[in-house]
Amino acid sequence: MIQARERFLATGAYEPIRRAVSTMVSHTIPRDGIVLDVGCGTGYYLAGALDKVTGARGLGLDSSVRALRVAARVHERAAAASWDVFRPYPLADQSVDAVLNMFAPRNPGEFHRVLRPNGSLIVVRPTVDHLAELRRDVPDSVTIDVSKEQRLHDALAPFFEQERDQHVGYIAEIEPQTARDLLGMTPSARHITPAEVSDDDLPERVTISVLVSSYRLRET
């Protein structure tokens, strides 16, 4: 799964998402700020944010040791640690300027605790159109929870107020191996062996459609 993720991200298919996240971070934190990426995976988005904000430092938390081996080397100003994101984070209160949550599980109470008063939470999640062609051509490969937005609102509302919402949408041309890597980097990899899917069953292009949102702290 980790190798598939690295290969897929290296194609640049998700680069517009990373640029949107990095720009949002750059509008949020000081030049020497601290970025925390919760559920960082291989550190792709964290590295983009640190490239955008010269002088910022970053920490990625993830439960996958294999992913963290990549994340620990992804940027000279980044560190990575193995951590259950539902446990209290190994960080002091009000110690970070931005929290990234990229397609990952959420712990709103801890997000709130570690953010500084002027800090921001940045969340990326798919819309119902995301990867529509892949979901059409390879049934049960990837699922999109239609209630995700409401559940996100319900989880964050006690702690955060939304500042801005940006839709990032485009069509990505993909080769068969790239489509297999896309399958392999998602939870569908536990149910589908990408190598067993024929080229004829794979789409040549997919819709990329996500929401990138920033939130400010709500006083509690």
Side-chain angles (χ1 to χ4, degrees), residues 1-24 37-52 60 62-75 78 80 100-105 122-149 152 166-213:
M1 181 180 290
I2 302 306
Q3 290 179 336
R5 182 182 298 273
E6 285 191 275
R7 288 194 300 266
F8 176 82
L9 294 175
T11 69
Y14 274 11
E15 181 60 26
I17 303 174
R18 182 160 80 159
R19 285 200 303 267
V21 170
S22 300
T23 298
M24 203 169 281
D37 190 350
V38 178
C40 66
T42 58
Y44 177 74
Y45 298 99
L46 179 60
L50 296 180
D51 280 342
K52 186 73 171 179
D62 203 286
S63 60
S64 170
V65 174
R66 290 184 178 180
L68 288 169
R69 288 172 183 159
V70 179
R73 302 189 302 271
V74 76
H75 199 282
L100 306 185
N101 183 242
M102 312 287 107
F103 305 104
I122 298 173
V123 179
V124 172
R125 69 279 190 199
T127 75
V128 294
D129 296 322
H130 189 55
L131 306 182
E133 297 83 358
L134 188 65
R135 292 186 284 121
R136 177 197 66 204
D137 295 347
V138 186
D140 301 322
S141 60
V142 181
T143 59
I144 303 294
D145 184 355
V146 297
S147 64
K148 181 180 285 290
E149 279 303 299
L152 174 67
Q166 179 182 351
H167 176 247
V168 180
Y170 53 96
I171 302 296
E173 304 285 339
I174 56 174
E175 300 291 337
Q177 182 57 53
T178 304
R180 289 193 178 89
D181 288 335
L182 182 54
L183 283 171
M185 65 182 265
T186 67
S188 64
R190 301 186 182 95
H191 310 291
I192 297 174
T193 303
E196 296 178 353
V197 182
S198 72
D199 287 0
D200 292 339
D201 291 331
L202 295 169
E204 296 180 350
R205 59 188 59 84
V206 290
T207 298
I208 308 300
S209 179
V210 304
L211 290 173
V212 182
S213 301

Going from CZ on Arg66 to CZ on Arg5, what distance comes out if it is rounded to the nearest 0.5 angstrom?
13.5 Å
Can you sort out the partners of Thr143 under side-chain contact (heavy atoms from CB on, under 4.5 Å), two or more places apart, ordered by chain and number?
none
Across all chains, not counting sequence neighbours, the side-chain contact (heavy atoms from CB on, under 4.5 Å) partners of Ser63 are none
So does Gln3 have more than 12 non-hydrogen atoms from other groups sitting under 6.0 Å from CD?
no
With sequence neighbours left out, write down each residue that passes side-chain contact (heavy atoms from CB on, under 4.5 Å) with Val65, or none if nothing qualifies.
Arg69, Ser82
Please report, to 0.1 Å, the donor-acceptor pairs under 3.5 Å made by any side chain of residues 16-24, with sequence neighbours excluded.
unit_1, atom_1, unit_2, atom_2, d
Arg18, NE, Glu15, OE1, 3.3
Arg18, NH1, Tyr44, O, 2.9
Arg18, NH2, Glu15, OE1, 3.4
Ser22, OG, Arg18, O, 2.9
Ser22, OG, Gly48, O, 3.1
Ser22, OG, Ala49, N, 3.3
Thr23, OG1, Arg19, O, 2.9

Val123 and Leu100, any side-chain heavy atoms less than 4.5 Å apart:
no
Minimum heavy-atom distance Ile122-Val212, with the two atoms named
CG2-CG1, 4.1 Å
Could I get the full list of salt bridge (charged side-chain N to carboxylate O under 4.0 Å, His left out) partners for Asp145, not counting sequence neighbours?
Arg151
By side-chain contact (heavy atoms from CB on, under 4.5 Å), Pro126 pairs with (sequence neighbours left out) Phe103, His130, Ile144, Lys148
What residues, two or more places apart in sequence or in another chain, satisfy side chain to side chain donor-acceptor pair (under 3.5 Å) together with Asn101?
Arg106
Taking every heavy atom of Thr127 against every heavy atom of His167, the minimum-distance pair comes out as CG2-CD2, 4.1 Å
Which atom pair, heavy atoms only, marks the closest approach of Ile2 to Ala67?
CD1-CB, 3.7 Å
Quick one: are Ile208 and Val168 in side-chain contact, heavy atoms under 4.5 Å?
no
Side chains of Leu202 and Leu183: closer than 4.5 Å at any heavy-atom pair?
yes
Over all atoms of both residues, closest heavy-atom pair of Ala71 and Gly41:
CB-O, 3.6 Å
Per the salt bridge (charged side-chain N to carboxylate O under 4.0 Å, His left out) rule, what does the pair list look like for residues 202-213, sequence neighbours excluded?
Glu173-Arg205
How many angstroms lie between NE2 in His75 and CG in Leu46, if you round to the nearest 0.5 Å?
8.0 Å
Please enumerate all residues that pass side chain to side chain donor-acceptor pair (under 3.5 Å) together with Glu149, with sequence neighbours excluded.
Arg125
With sequence neighbours left out, what residues match Phe8 under ring pair (Phe, Tyr, Trp, His ring centres under 6.0 Å)?
Tyr14
Any pair with a residue in residues 129-138 that passes salt bridge (charged side-chain N to carboxylate O under 4.0 Å, His left out), sequence neighbours left out, goes on the list, sorted by first then second residue, please.
none
Residues in side chain to side chain donor-acceptor pair (under 3.5 Å) contact with Gln177, at least two apart in sequence or another chain
Asp181
Of all heavy-atom pairs linking Val38 and Ala104, the shortest is O-CB, 3.6 Å
CG of Leu68 to SG of Cys40: how many Å apart, nearest 0.5 Å?
5.0 Å
